[in-house]
**Student:** 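Input: one structure, supplied below.
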Amino acid sequence: MIDEFKPEVVVIDSLTALREHMDDTELAKMLRYLSLLIKEHNITAYITLNADTNFETVPFTKASTLADNIIGLRYAINEGGVIERYLSVIKARGAQTTPRKSTGTR
């Protein structure tokens, strides 16, 4: 697929979902293989994590060596019934990051 489509970016959405369906050892092997492949082709990688993710997952799987950017996502409903969306940048290679919050509608 890389040779055919020549992507500039690969997004893994989400590491949490993959971990639910794969053995930890196999997941680590798959991520290592992807890491070698995307670096060979100069592709940027993004990985998302769900709110319930134990962030110790990232070092275990070596995902931080694969991804240039790791993003944590979370949704919450505030007291007024408004959905609040949270995005946490866990890793952004070469950039300083600041937490931000975006609110949506009910």
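What you are looking at is a predicted structure, and each value in this text was computed from that prediction instead of being measured. Side chains are part of it too, since the values below use all heavy atoms of this structure and drop only hydrogens, waters and symmetry mates.
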**Student:** Out of curiosity, His21 NE2 to Thr16 OG1, how far, rounded to the nearest 0.5 Å?
**Tutor:** 10.5 Å

**Student:** If you look at every heavy atom in Leu15 and Leu27, which pair is closest and at what distance?
**Tutor:** CD1-CD2, 4.1 Å

**Student:** Any side-chain heavy-atom pair from Leu37 and Val10 closer than 4.5 angstrom?
**Tutor:** no

**Student:** Verify the cluster assignment for Phe5 and Ile2: are they in a single hydrophobic cluster under the rule of side-chain heavy atoms below 4.5 Å apart?
**Tutor:** no

**Student:** Considering non-hydrogen atoms only, spot the tightest contact between Met30 and Leu18 and give its length.
**Tutor:** CE-CD1, 3.8 Å

**Student:** Can you tell which of Ile43, Ile38, Thr44 makes a side chain to side chain contact (heavy atoms under 4.5 Å, CB included) with Pro7?
**Tutor:** Ile43

**Student:** Quick one: list whatever passes side-chain contact (heavy atoms from CB on, under 4.5 Å) with Ala76, sequence neighbours left out.
**Tutor:** Arg74, Tyr86

**Student:** If we ignore hydrogens and angles and just use 3.5 Å, is the side chain of Lys6 paired with the main-chain N or O of Asp3 as donor and acceptor?
**Tutor:** yes

**Student:** With sequence neighbours excluded, tell me which residues meet side-chain contact (heavy atoms from CB on, under 4.5 Å) with Asp23.
**Tutor:** Thr25, Glu26

